[in-house]
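As C-alpha cells, the structure follows; a few thoughts come after it.
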Amino acid sequence: MLKIPSHQVAGHHASSATRGPLIDDSGRFYKPLQGDERGSAEVTFYDQFTSNTQIPDHIRKFFPIYYGTKVMQASDGSEHPHIVLEDLTTHRENPTIMDIKIGSRTWGPDASDAYIEKCMKRDRETTTVKLGFRISGLQIYINEGVGYYKPTRDRVLKSSVDDVRLFFKKFVSSDPNVESGMGPDRDLASLVYGGPNGILAQLLELKAWFEDQIIYHFSACSLLFMFEKGLVLEGGSPNAQVKIIDFAHVTEGNGVIDHNFLGGLCSLIKFISVAIGDQNGHSQ
Ligand SMILES: Nc1ncnc2c1ncn2[C@@H]1O[C@H](COP(=O)(O)OP(=O)(O)OP(=O)(O)O)[C@@H](O)[C@H]1O
Ligand SMILES: O=P(O)(O)O[C@@H]1[C@H](O)[C@H](O)[C@@H](OP(=O)(O)O)[C@H](OP(=O)(O)O)[C@H]1O
C-alpha cells in the first residue's frame with residue numbers, strides 16, 4: 001500500500017493536488033521525477049553512481065540504495081515516473097531527523113541566469129551564504145504523549161546563525177521546548193554527535209573523501225541526520241546516521257574538488273563540534 005511518508009522533513013510534499021514522495025510497506029521511497037531537467041539529472045546521477053566502481057564501500061553507505069525508476073500512480077492521481085529508493089526511515093519507530101542543504105551556493109555550473117537569480121535570493125535570505133549550509137527542515141521526537149517538535153518550513157528557513165546554533169542544541173536535547181539559563185540540556189549530544197559511531201565521526205569520514213574526490217560536484221544536495229531517542233531510553237545506542245540525498249543538481253567534477261560542498265561540510269563540522277561542547281571545535 002502506497003502512503004505519504006510521515007517522517008519527511010523538507011522538500012516537495014505529496015497531496016491529492018501535488019506530486020510528492022510516497023512510501024510502501026516494503027521499505028521503498030518513491031520520489032516523483034521533477035518535470036524539468038532536474039528529474040532526469042537525478043536519474044542520470046543514480047544510474048551512473050550505482051555502477052561507478054571508483055566509489056569506496058565506506059562512502060557508498062552514505063547514499064540511499066537505488067532501485068531504478070518506475071512509472072506508477074503519483075500522489076495526485078496521474079501516471080508518472082518515480083525514482084525508487086530505499087526508505088531511510090523504514091526501520092525507525094520515532095526518528096529525530098534534520099535535513100541540511102550543503103554549500104554556500106545551491107546552483108550548478110550549467111544553471112540559467114534566471115535559476116541563479118532565484119537561488120541566490122534564497123541563499124542570501126537563509127544561512128546558506130553566511131554558513132555554507134542551511135537547515136531545510138527538522139523533526140525532534142519528544143515522547144509518546146507530546147510527539148514531535150516540528151517547526152514550520154517558514155520558521156526553519158528564516159533561521160539566523162544563532163537560530164542554527166540553537167537548533168543543533170535542541171536536536172540532541174531531551175525536550176527542545178525546555179531551556180534553562182544554559183539553553184537546551186543537550187543530554188544526548190555526546191551519544192548522538194560524539195563517539196566512534198556518532199554524527200561527527202561520520203561527517204569526518206565524508207570530509208576525508210570530499211578532500212580527495214574529483215568525480216562529482218554535489219550542488220544543492222542535503223545531508224540527513226537521523227537518530228532514535230527511544231533506543232537511548234531503553235539503554236541502547238541512538239543509531240545515529242548521516243545520509244546524503246537529493247541529486248538533481250549534481251555535475252561532473254572534471255578533476256576539481258567540490259570546494260562548495262567541502263567548505264559547507266567543514267563549516268557544519270565546526271557547528272556540530274561546538275554543539276557537543278568542545279568550544280575549540282574538532283582539531284582534524
Ligand atoms: N530515501 C529517502 N528515505 C526517506 N526519506 C527521504 C528519502 N529521500 C528524501 N527523504 C525525505 O524527503 C525530504 C525531501 O527529499 P529531497 O530533498 O530528495 O526532495 P526535493 O523535493 O528534491 O527537495 P528540495 O525541494 O529541497 O530540492 C527529505 O528532507 C527527507 O525528509
Ligand atoms: O530551500 P527551499 O526554500 O525549500 O527552496 C527550495 C530549494 O531551493 C530546492 O532546492 C528547490 O528545488 P531544486 O533543488 O530541485 O531546484 C526548490 O525549487 P522549486 O520550488 O522550484 O522546486 C526550492 O523551492
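When a ligand or atom number is given, it counts from 1 through the structure's own listing order. Keep in mind that this is a model prediction, so the values were computed, not measured. Residue numbers start at 1 and run along the sequence shown. What you see below is based on every heavy atom in this structure, not just the backbone, and it leaves out hydrogens, waters and symmetry mates.
A distance of 5.0 Å separates CG in Leu138 from CD1 in Ile140, rounded to the nearest 0.5 Å.
Ligand-side atoms of ligand 1 in range of Asp87: 3 (N), 4 (C), range being under 4.0 angstrom from any heavy atom. Distances below 4.0 Å separate heavy atoms of Glu86 from the following atoms of ligand 1: 1 (N), 2 (C), 3 (N). Of all atoms in ligand 1, numbered sequentially from 1 with element shown, those under 4.0 Å from a heavy atom of Lys101 are 26 (O), 27 (O).
Some N or O of Leu88 is nearer than 3.5 Å to an N or O of ligand 1, by distance alone. Annotation: Thr89 places no N or O atom under 3.5 Å from an N or O atom of ligand 1; distance criterion only. Not one N or O of Glu42 is nearer than 3.5 Å to an N or O of ligand 1, by distance alone.
Ion pair Lys169/Asp185 not flagged as a salt bridge, since none of the NZ, NE, NH1 or NH2 atoms sits closer than 4.0 Å to an Asp/Glu carboxylate oxygen.
A salt bridge (Lys or Arg N to Asp or Glu O under 4.0 Å) with Asp163 holds for exactly one of Lys170, Lys158, Arg155; it is Arg155.
For Arg186 and Tyr193, the positive end is not near the middle of the six-membered ring at less than 6.0 Å and at most 45° from its axis.
Residue Ile245 touches ligand 1 through its side chain alone, judged by heavy-atom distances below 4.0 Å.
For the 3.5 Å distance criterion, the side chains of Asp154 and Thr152 fail to qualify, holding no donor opposite an acceptor. Side-chain atoms of Tyr115 and Asp110 form no donor-acceptor pair, as typed in the model, at a separation below 3.5 Å.
Counting heavy atoms only, Lys31 comes closest to atom 16 (P) of ligand 1 of the residues Arg92, Gln139, Lys31. Selection from Met226, Gln8, Arg28 by nearest heavy atom to atom 12 (O) of ligand 1 gives Gln8. Proximity annotation for atom 28 (C) of ligand 1: of Ile83, Leu85, Asp99, Asp99 comes nearest, heavy atoms only.
Summarising the local packing, CD of Glu144 is surrounded by 12 or fewer heavy atoms from other residues, nucleotides or ligands at distances under 6.0 Å.
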